[in-house]
Protein chains: 2
Amino acid sequence: MTEFKRKKASKKELIIQKASAMFREKGFPATSMRDLADEVGIEAASLYNHIQSKSEILQEIIYRTANDCNIHLDNLDVAQLNSIEKLESLIRFHVQMMIHQFDDYTVMINEWIHLSEPYQTNFITQRRIYVQRMENIIQQGIDHQEIKTVLPYIAMLTILSSVRGLEFWHRSEKHVSPQVIEDNMVAFLINGLKK
Amino acid sequence: MTEFKRKKASKKELIIQKASAMFREKGFPATSMRDLADEVGIEAASLYNHIQSKSEILQEIIYRTANDCNIHLDNLDVAQLNSIEKLESLIRFHVQMMIHQFDDYTVMINEWIHLSEPYQTNFITQRRIYVQRMENIIQQGIDHQEIKTVLPYIAMLTILSSVRGLEFWHRSEKHVSPQVIEDNMVAFLINGLKK
DNA sequence: CCTACCGATCGGTAGG
DNA sequence: CCTACCGATCGGTAGG
């Protein structure tokens, strides 16, 4: 019984993983359940023994990934770090998500619009809270005179956008290694913020 | 005859404009020709008196917008400006595209993947050339010691990504005005690059 | 610009 | 996990 459930769970994981790659590549609406079934190696109808609907797959991908982000930020809040160190940790975390959980992270960023209700509204709320917490860290850095006087909103936007831009790098021939990307992006962004 | 053609052209423009807004909002595959027809105020079948296919609309939107970008860069190449001034002009141009041609620009950035062949390959080539020219400007700035020693690739990526990130601002309640956005983004990015 | 309609494909279900 | 199939919707066409 336990064995059976574990087997089912791992097949579900395989489906979600393949779906994530396909949603990332072609987008959620342009990915058909038949294409996904082909990739998994079963018939389309058989997918429904493991998942309830196409929407559920998208929800799982996005909510898990959002959760990873929230957990990192929670840990950061109680860490003994100054604002610059916190921002560096944030930047490195997001860059690493982009590099090592490329499909999931990109799907979250690009496909949340295809979430059905109430999941979409809930996601937007979660995201608003997340970026607000980022802006608070930046504001604290300004207050403590560790960070230049910038609009926290602009700094937050620039950081998250720059990481998102690595999608372009990920699709390209990668003449630059992940570590070089990470270090240069941290240097560029942190240098632009340091006092 | 001329009158007739002008009338047809303007209806075609209306269709493309409405399509651009819908492709931006929901993505190309999730936008149906029936929804588009509703928005224009005619039956779906009637769209085909003005356009040849759904794909053609996407091609028009993306190629026109890419052309605008190329023209700006061409003008910049022959302008009497130093590297920093050229970069500032580039940043302001892209921010303004994002603000004033929001639908078209966002569709180009997000929906090019849904271009059919040979249009997709052609677009990718055009884009590769464009970003190479941007990197050349940055490299010249480094050579002339106007710009910090950064990887031109990272700087280019950060600039274009930051502008793209304004999509988030555009969707939000806009507590910050376009002019403030533009000036702060220029300041933040240029400051990060100046020697 | 419309009515009427086409074949293809979609997400998903029934039943085994 | 499969075969067989459903109703809905898709992009697009014929004919007027």
Side-chain angles (χ1 to χ4, degrees), chain A residues 1 3-62 107 111 113-117 119-120, chain B residues 1 3-62 107 111 113-117 119-120:
Chain A
M1 183 62 169
E3 189 105 26
F4 177 66
K5 276 182 103 175
R6 202 149 16 97
K7 242 183 165 176
K8 276 194 75 177
S10 79
K11 192 56 164 271
K12 182 174 180 178
E13 284 312 304
L14 177 66
I15 291 170
I16 292 176
Q17 185 194 316
K18 296 280 188 189
S20 189
M22 296 177 84
F23 293 169
R24 195 262 310 155
E25 177 68 30
K26 305 195 292 177
F28 177 76
T31 302
S32 79
M33 296 303 271
R34 281 153 181 88
D35 289 344
L36 174 56
D38 275 354
E39 202 71 26
V40 175
I42 57 178
E43 290 300 314
S46 305
L47 288 172
Y48 293 87
N49 288 304
H50 304 283
I51 51 108
Q52 293 192 16
S53 66
K54 190 186 178 187
S55 298
E56 189 212 16
I57 302 177
L58 185 64
Q59 289 154 26
E60 287 254 3
I61 294 168
I62 292 182
V107 167
E111 308 297 324
I113 190 82
H114 301 293
L115 242 22
S116 57
E117 292 298 349
Y119 304 99
Q120 186 182 122
Chain B
M1 184 65 169
E3 190 105 25
F4 178 67
K5 277 183 101 176
R6 199 146 23 93
K7 242 183 165 175
K8 276 195 77 177
S10 80
K11 193 56 164 272
K12 184 174 180 178
E13 284 313 305
L14 176 66
I15 292 169
I16 292 177
Q17 185 194 316
K18 295 280 189 191
S20 188
M22 296 177 84
F23 292 169
R24 195 264 310 157
E25 178 67 31
K26 305 194 293 177
F28 177 77
T31 303
S32 79
M33 295 304 270
R34 281 153 181 87
D35 290 344
L36 174 56
D38 276 353
E39 202 71 25
V40 175
I42 57 178
E43 290 300 313
S46 305
L47 289 172
Y48 293 87
N49 288 304
H50 302 284
I51 52 108
Q52 292 192 16
S53 67
K54 189 186 179 187
S55 299
E56 189 212 16
I57 302 177
L58 185 64
Q59 289 154 27
E60 287 254 4
I61 294 168
I62 292 182
V107 166
E111 308 297 325
I113 191 82
H114 301 294
L115 242 20
S116 57
E117 292 297 349
Y119 304 100
Q120 186 183 121

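Note that the coordinates shown come from a computational prediction; the quantities given were computed from them, not determined experimentally.
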Over how many whole Å does the gap from [X] atom [atom1] to [N] atom [atom2] extend?
| X | N | atom1 | atom2 | answer |
| --- | --- | --- | --- | --- |
| A/L36 | C/dG11 | CG | P | 9 Å |
| B/H50 | D/dG11 | NE2 | C1' | 17 Å |
| A/E43 | D/dT3 | CD | P | 5 Å |
| A/D35 | C/dT9 | CG | P | 11 Å |

So do [Y] and [X] actually touch side chain to side chain, heavy atoms under 4.5 Å?
| X | Y | answer |
| --- | --- | --- |
| B/H114 | B/I62 | no |
| A/P29 | A/E111 | yes |
| A/L47 | A/K54 | no |
| B/I42 | B/N49 | no |

What does the list of N/O pairs under 3.5 Å between the protein and nucleotides 12-16 of chain C look like, with a distance for each?
| from | atom 1 | to | atom 2 | distance (Å) |
| --- | --- | --- | --- | --- |
| C/dG12 | OP2 | A/Y48 | OH | 2.9 |
| C/dG12 | OP2 | A/K54 | N | 2.8 |
| C/dG12 | O6 | A/R34 | NH2 | 3.4 |

Self-check item: Heavy atoms of other groups near B/E117 CD, more than 12 under 6.0 Å
Solution: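 Counting neighbours around CD of B/E117, more than 12 heavy atoms of other residues, nucleotides or ligands fall under 6.0 Å, so yes.
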Self-check item: Bracket notation of DNA chain C in which parentheses pair within the strand, [ ] cross earlier pairs, and | pairs with another strand (Watson-Crick or G-U, under 3.5 Å)
Solution: ||||||||||||||||
Quiz item: So which pairs with a foot in residues 26-36 of chain A pass side-chain hydrogen bond (donor to acceptor under 3.5 Å, both in side chains), sequence neighbours left out?
Solution: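 Only A/K26-A/D35, A/S32-A/D35 qualify under side-chain hydrogen bond (donor to acceptor under 3.5 Å, both in side chains).
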Exercise. Scan residues 37-48 of chain B for pairs that pass side-chain hydrogen bond (donor to acceptor under 3.5 Å, both in side chains), counting only residues two or more places apart or in two chains.
Key: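 Sorted result for residues 37-48 of chain B: empty, none.
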Practice problem: Determine yes or no for a side-chain-to-main-chain donor-acceptor pair under 3.5 angstrom, with A/Q59 supplying the side chain and A/L115 the backbone. | Solution: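 Answer holds: no.
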Exercise. May I ask you to list the residues of residues 17-32 of chain A, by number, that have any heavy atom positioned under 4.0 Å from an atom of DNA chain C?
Key: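 Heavy-atom contacts with DNA chain C come from A/T31, A/S32.
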Quiz item: Closest approach of A/I51 and A/I57, non-hydrogen atoms and distance?
Solution: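 In this case the closest contact between A/I51 and A/I57 is CD1-CD1, 4.0 Å.
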Exercise answer: donor-acceptor pairs, residues 17-25 of chain A side-chain atoms, under 3.5 Å, sequence neighbours excluded:
| from | atom 1 | to | atom 2 | distance (Å) |
| --- | --- | --- | --- | --- |
| A/S20 | OG | A/D104 | N | 3.3 |
| A/S20 | OG | A/D104 | OD1 | 2.6 |
| A/R24 | NE | A/D103 | OD1 | 2.9 |

